[in-house]
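Notes to accompany the following structure.
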Amino acid sequence: MPLVTRHSYNATLASAPQFAQDHITSLTMQKQLQQLLQAAIRKLQSQGVVPGDLSPEIGIERTRDKKHGDFASNVALSLARPARRNPRELAQAIVDALPATDAVSRVEIAGPGFINFTMNDDARRGIVRAILEQNDAYGRSQIGKGRRIQVEFVSANPTGPLHVGHGRGAAYGAAVADLLSACGFSVEREYYVNDAGRQMAILACSVWLRYLEICGESFTFPSNGYRGAYIKEISQSVADKHGEAFRYAADIVFSNIPADADGQGNGDKEAHIDALIERCHALLGDENYAVFADAALENILGDIRDDLGEFGVEYEHWYREHTLVNSGKVEAAINHLRDAGHLYEADGAWWFRSTAFGDEKDRVVIRENGQLTYFATDIAYHAEKIERGFDQIIDVWGADHHGYVPRIRASLQAMGHDPERLEVLLVQFAILYRHGQKAQMSTRSGEFVTLRELRDEVGNDAARFFYVLRKCEQHMDFDLDLAVSKSNENPVYYIQYAHARVCSVMRQLAERGLDWNETVALASLDRLQETHEEDLLDTLARFPEIVEASALNREPHQLAYYLRDLATALHTYYNAHQFLVDDIAVRNARLALILATRQVLKNGLRLLSVSAPESM
RNA sequence: GCCCCGGUAGCUCAGCUGGAUAGAGCGUCCCCCUCCUAAGGGGAAGGUCAGAGGUUCGAAUCCUCUUCGGGGCACCA
């Protein structure tokens, strides 16, 4: 069972072919070719040349080398064996059966049996008109057909500020969600707030202990507590509001508490903190304990929300774990599994028989002490997501959680849901390098590098872009020195500069007292004859394909690489040719081309939440 | 021991899901502003696609084994 669902966009076409040449975008060029080939193969099937029961995937790809035309299909190669024909011979038969069309100027058979298509120059240049008409919509599509997809990402425990590891999940998840949205999927972004577990208890307890220190008590802070400066700030806010109402003497708080770990193998930090949590509860009572827990949660969650918001990451839903627990849905899910015979009791705990669904061992859902495991609430949460009616749910997790995937799938199956509805995208770690050295990332040490610090240092644009420059399963070395450098080494500036450059040309145009005339431009597109112009046209035409592939494969890095290619094509063109020439037709045609380029740069950067500055 | 991810140019990484002569950025070397921003461009050098088998017309890509690196294998979250 693949963790990552792959999608092919070599669709087998069912609809009747239409060969209209208006408003050709590359995507339709590719689809048109598919339809042409489909028609040809149907014809051969009706003639008995190709077995009639085949419905071959018609692969069309852009050629790497212009000598091979614009597009190539290997369909004759893949059909050769079932048709028991020589590939080149079959290719010739297919070509002979192709319906006539204006969009294609040349069809050739090459190599072992590729069918190469060269597009008509007018069709190629038509992309400029299409882009200028569609503006911000160029690149968007409706292939998602409104299917509902939920993307859950980041979902860091609200026990401290986001660090740079979360940043990668944030940038990646947001880009995937935005890409899907651009492709016509109905996307809902969700952050799951773990506000009901042991970590929250440790957090509340940590805040209380710092509060006691502020009140004047002195003791050794537990090694397993949260030590960040933000904890003291929260404690201070409680102290400001409530004075010493929750103060207890340190010797009372710490009496009969098992010893903390001392770093030399003595003591038990887990037992120590658990006992302190219990003591905290006992001394404060539910209501006063909640003062600390709520202060901590609201403060930290608010900070996370602001942090992500500034990073260009917004959610439709912030889903609280405690509402899931309080609603009885966790209990209901457990009962459901128990009634269906998927649970058993052993060693005083309740186990889910996940091995029956392919997991490598059974998993505890209710601990010996009666507490639900994190897994138990996750069973209910994922079942609930499916029940909310999403066609697909995507979880973006850190790669360290990969072992968790089989049990979640198992639970969905046991709950009577299709486990294929869940897609888990595992994001590998981002390791930050500062001055050639690994940066500390521990959330407990208080010395970690936060997402906010990263954003402050390199800026949102560089951070967003760098994070999606690697595919998610690739380990990432995040080079701070590179991201912060405002030089040509930095790909973000390179792309943004291309955008700014076009703006600059338009300013120059105005300074020289000249106008851009769209009517003249669109009527003069045939004046775009240079090789650099052809390259740019082809690159522009690829954009919708890139957006689609990036979305369907959940690979925003494809878009990032594309944008750099597009910027290169623009810079190369800029260096090779003058745009503001005397010939009105040529000038306007060239300006139309670079304005179309600017539009695509802007649309692409926007999908990654990177700004497109007008000057730099 | 088992599971997941990775190993492609000196470095960091792409490689369109099996196609045509393996690419980019950085670094190194050479060159280009009387010209719309040189935050740019052109060129050169640089490869046993970790290794070995296999699948087929065809493999960096798929399968198996080996090896190296990262991560995971709780009644933690």
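Below, chains carry the letters A, B, ... as their sequence lines are ordered, and counting in each starts from 1. Computed from a predicted model, the values in this text were never measured in an experiment.
- Looking at heavy-atom distances under 4.0 Å, A:H557 makes contact with sugar-phosphate atoms alone, never a base.
- Of the listed nucleotides (B:A77, B:G41, B:C36), B:G41 has the atom at the smallest distance from the side chain of A:Y494.
- If you check every strand for non-hydrogen atoms under 4.0 Å, A:T572 touches sugar and phosphate atoms only.
- Within 4.0 Å of A:A72, counting heavy atoms only, lies at least one base atom of the nucleic acid.
- The residue A:H577 sits close to a base: some heavy atom pair falls under 4.0 Å.
- Side chain to side chain, A:E89 and A:Q92 fail the donor-acceptor criterion of an N or O pair below 3.5 Å.
- Taking the centre of each ring, A:F352 and A:Y344 stay at or above the 6.0 Å mark.
- For the C1' atoms, the distance linking B:G6 with B:A50 amounts to 11 Å, nearest Å.
- Using a 4.0 Å heavy-atom cutoff across all strands shown, A:Q578 reaches at least one base atom of the nucleic acid.
- What separates CG of A:D565 from P of B:G41 is a distance of 12 Å, to the nearest Å.
- The base of B:C3 sits with one of its N or O atoms less than 3.5 Å from a complementary donor or acceptor on the side chain of A:H402.
- Looking at A:F153 and A:W397, their side chains never come closer than 4.5 Å, going by heavy atoms from C-beta outward.
- For A:F579, the listed nucleotide lying nearest its side chain is B:C36; candidates were B:C36, B:G41, B:A39.
- Between the base of B:G72 and the side chain of A:D400 there is no donor-acceptor pair shorter than 3.5 Å.
- Aromatic stacking is not marked for A:H571 over B:A39, as the cut-offs of 5.5 Å for the centres and 30° for the planes do not both hold.
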